[in-house]
Amino acid sequence: MQDFCGALSSGTGSLETCRASHRLYSARPPRPTHFMTQAHSTLEEIRRIRIEKATELQKLGISAYPSKSARDAYAGPILAEYEAHEGKTVTVGGRIMSFRKQGGMAFAHIQDQTGKIQLLIRRETLGETRPADAAIGFTELRLLDVGDIVEGTGKVMKSMRGEISIEVVTLRLLTKTIRPLPDQWHGLKDRESILRKRYLDTIMDPESHRRYASVAKMIAGIREFLNARGFIEFQTPIIQAQYGGGTAKPFRTHVNALSTDMYLAISHELYLKRLIVAGYDKVYTIGRYFRNEGIDRSHHPEFSMVETMAAYENYEYNMDLVEEMFRHLAVNVFGRTEFKVKDQTIDFGPAWRRVRMVDVVSEVTGVDFGAMTTLDEAQAALKKLDVHEHAESIGHALVLAFEHFGEKTLIQPTLVYGQPVEISPLAKPLESDPRWAERFEIYIAGMECGDNWSEQNDPVQLLETWRKAYKVGEEDSGVFHALDFDFIEALEHGMPPTTGIGPGIERMAMIFTEQENIDDVIFFPMMRPAMSNVNAEIFGVDISAAKAPQKE
RNA sequence: GCGCGGGUAGCUCAGUGGUAGAGCAGUUGGCUUUUAACCAAUUGGUCGAGGGUUCGACCCCCUCCCCGCGUACCA
């Protein structure tokens with residue numbers, strides 16, 4: 001009785017059906033071997049029936065959740081090298097993706113990390129349930145469902161239709177699943193479900209499964225590349241008292257033990273520079289960055305960067321480093337140099353174009369901001385280009401023109417250097433022309449993929465720049481951060497000439513996996529918390545309060 | 001923030017101001033070489049939430065929630 005009307009069906013909707021089953025039960029003894037008492041197809045009922053199946057297995061002496069598997073083989077290698085495996089007894093394990101019972105035979109496909117392989121099950125071969133081995137017999141196959149995780153031991157052979165299969169002698173349940181998989185043919189299509197339950201998407205869609213694995217390999221490739229060049233990896237704090245290294249809006253948090261408000265990192269570069277001061281010449285971190293700003297197809301509030309610092313080098317060293325790193329990843333992780341992004345083919349093979357920002361703009365618009373000497377001149381030029389935003393300086397005007405016209409034309413990997421010093425407070429000015437910074441940005445497929453510069457290591461200069469910026473920031477309603485005097489102090493102890501790169505991991509992953517949406521390279525994208533009605537019912541949660549308007 | 005599109009069974013999707021549909025999955029029975037197996041029977045719905053108009057609303061109107069796309073903001 002408890003099984004049918006207990007906590008699981010506490011929702012009011014099932015009251016009537018519960019009563020009905022009570023009547024059934026008082027009329028005749030329960031028949032736990034059939035699930036006809038309440039064979040409805042709501043999720044709640046499907047779930048209940050599957051829990052019952054687990055209970056029934058338990059009664060037969062078979063655990064639905066054993067702790068260990070005897071798996072010693074994988075689908076992929078068996079399929080790839082059939083001859084080497086033919087006739088050998090193996091134990092494969094995985095999730096049941098399909099199940100076809102046909103009288104005294106049954107066929108199932110199970111999926112492991114490497115692929116899908118067919119289990120061929122014969123009544124005579126499988127035999128009866130043997131609790132001592134935790135082996136499920138032919139009659140008890142009905143207690144298994146698509147989605148369950150099982151292991152099968154048997155000989156590698158081919159079915160009559162020629163499909164490589166395992167002729168199962170021993171079938172064990174490893175994990176009973178109590179929710180159904182999505183439609184086995186269509187998979188998961190609803191975008192919201194895909195994002196909230198990416199695990200279902202990766203179960204159903206091998207391409208999606210592979211994609212996330214290749215993002216992980218890419219990150220491993222970055223480490224391999226940098227380690228081979230003498231970089232050492234450090235951890236830097238995510239919770240920071242000052243959020244330096246940029247002008248982004250931070251997330252605020254509170255540290256109870258210190259009774260202090262702190263911030264989630266918007267950047268890690270000030271810490272990497274302290275490491276350079278500390279005497280490590282080549283350092284990097286692969287860290288999390290948090291920016292309390294907009295979300296769109298290429299921005300996510302929580303993202304990753306690989307950030308490096310190399311001492312005794314300037315930005316030109318980094319131009320080579322970045323180019324080599326992308327080529328290394330393309331070739332060694334993805335096995336090719338060409339990638340399709342937004343109908344364009346990006347080629348990492350040839351040497352990258354290196355071009356000054358002023359030259360990009362003059363190529364595209366015919367306007368040479370480098371030749372201008374007054375702000376009025378620059379402002380007039382902007383107007384002529386139909387850009388009606390206010391520029392505070394010639395440099396700002398150049399950046400506006402670049403963002404409007406230049407950026408999107410940079411399809412092939414391009415290093416744009418010579419950014420205006422006004423927008424480069426942490427970079428050194430070019431010795432040849434102090435209006436521009438020793439800085440470059442990476443553009444691929446019209447998207448900014450990283451920012452790099454020769455680090456300003458003159459502590460007096462930097463403090464002055466920061467003070468100016470802070471004033472501007474104050475007027476801008478406190479967006480700019482407080483000065484990090486601890487960092488200035490470290491700099492006053494002397495940081496050798498240093499240069500750093502900071503390509504965004506997700507944007508690299510988007511290019512290498514040919515995705516146009518950042519959510520398709522982030523396994524757990526940020527979502528508003530939500531609970532479906534059916535889950536609220538199942539879990540006994542009252543979501544009416546959550547559904548009420550909650551505007552501030 | 002604004003604009004547009006979407007939310008119907010566990011999944012994939014139709015649908016119309018007048019009794020909510022299909023396929024898959026589920027349940028029951030049959031079938032000893034299947035491949036989205038097949039055959040037969042069958043269950044399953046607060047149509048995202050709340051309010052309004054109407055004799056009658058899944059459909060029309062309003063508010064809200066969630067998602068997507070576009071746009072804006074943003075090292």
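So you know, we letter chains A, B, ... as the sequences are listed, proteins then strands, and number each from 1. Only heavy atoms go into these numbers, but all of them, side chains included; no hydrogens, no water, no symmetry mates.
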Q: Under the side chain to side chain donor-acceptor pair (under 3.5 Å) rule, what do A:W453 and A:E455 come out as? Steps first, then yes or no, please.
A: CA-CA 6 Å; A:W453 53 73; A:E455 305 296 340; 2.5 Å; yes

Go through the N and O atoms of the side chain of [X] and the base of [N], and report whether any donor-acceptor pair is under 3.5 Å.
{"X": "A:E163", "N": "B:U35", "value": "yes"}
{"X": "A:S41", "N": "B:A25", "value": "yes"}
{"X": "A:E45", "N": "B:U27", "value": "no"}
{"X": "A:D190", "N": "B:G7", "value": "no"}

What is the distance, rounded to the nearest whole Å, between atom [atom1] of [X] and atom [atom2] of [N]?
{"X": "A:K189", "N": "B:G5", "atom1": "NZ", "atom2": "P", "result": "24 Å"}
{"X": "A:M105", "N": "B:C38", "atom1": "CE", "atom2": "P", "result": "18 Å"}
{"X": "A:K53", "N": "B:G26", "atom1": "NZ", "atom2": "C1'", "result": "8 Å"}
{"X": "A:I518", "N": "B:C69", "atom1": "CD1", "atom2": "P", "result": "12 Å"}
{"X": "A:L188", "N": "B:C67", "atom1": "CG", "atom2": "C1'", "result": "13 Å"}

Report yes if at least one side-chain N or O of [X] is closer than 4.0 Å to OP1 or OP2 of [N]; otherwise report no.
{"X": "A:R297", "N": "B:G70", "value": "yes"}
{"X": "A:R528", "N": "B:C66", "value": "yes"}
{"X": "A:R100", "N": "B:U34", "value": "no"}

Please classify the nucleic acid contact of [X] as base, sugar-phosphate, or nothing, using heavy-atom distances under 4.0 Å.
{"X": "A:R179", "result": "nothing"}
{"X": "A:D519", "result": "sugar-phosphate"}
{"X": "A:E441", "result": "nothing"}
{"X": "A:M527", "result": "sugar-phosphate"}

Q.
Here's a test of your reading of the structure: between A:N517 and A:A530, which maps to the more 5' nucleotide of RNA chain B?
A.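 The answer here is A:A530.
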
**Q.** Toward the 5' end of RNA chain B, by each residue's nearest nucleotide, A:K197 or A:E269
**A.**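 Result of the comparison: A:K197.
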
Q: State, yes or no, whether a side-chain contact exists between A:R507 and A:S298 at a heavy-atom distance under 4.5 Å.
A: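 Result yes, sub-4.5 Å side-chain heavy-atom pair found.
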
Q: State, with a plain yes or no, whether a side-chain heavy atom of A:D145 is found less than 4.5 Å away from one of A:I46.
A: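 Answer no - side chains too far apart.
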
**Q.** Side-chain donor-acceptor pair present, A:S424, A:Q419, cut-off under 3.5 Å
**A.**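 No pair is found: no donor N or O on one side chain lies under 3.5 Å from an acceptor on the other.
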
Q.
If we ignore hydrogens and angles and just use 3.5 Å, is the side chain of A:R95 paired with the main-chain N or O of A:G147 as donor and acceptor?
A.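 Checking the backbone N and O of A:G147 against the side chain of A:R95, a donor-acceptor pair under 3.5 Å is found.
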
**Q.** 5'-to-3' dot-bracket of RNA chain B (Watson-Crick, G-U; under 3.5 angstrom; crossing pairs as [ ]; | other strand)
**A.** (((((((..((((....[..)))).(((((.......))))).....(((((..]....))))))))))))....

Q.
Assess the residue pair A:E207 and A:R211 against the criterion (side-chain contact (heavy atoms from CB on, under 4.5 Å)); give the C-alpha distance rounded to whole Å, side-chain angles, the decisive distance to 0.1 Å, and a yes or no.
A. CA-CA 6 Å; A:E207 199 283 317; A:R211 186 169 69 247; 2.9 Å; yes

Q: Quick one: list whatever passes side-chain hydrogen bond (donor to acceptor under 3.5 Å, both in side chains) with A:R356, sequence neighbours left out.
A: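 Testing A:R356 for side-chain hydrogen bond (donor to acceptor under 3.5 Å, both in side chains), a comparison that skips the adjacent residues, returns A:D359.
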
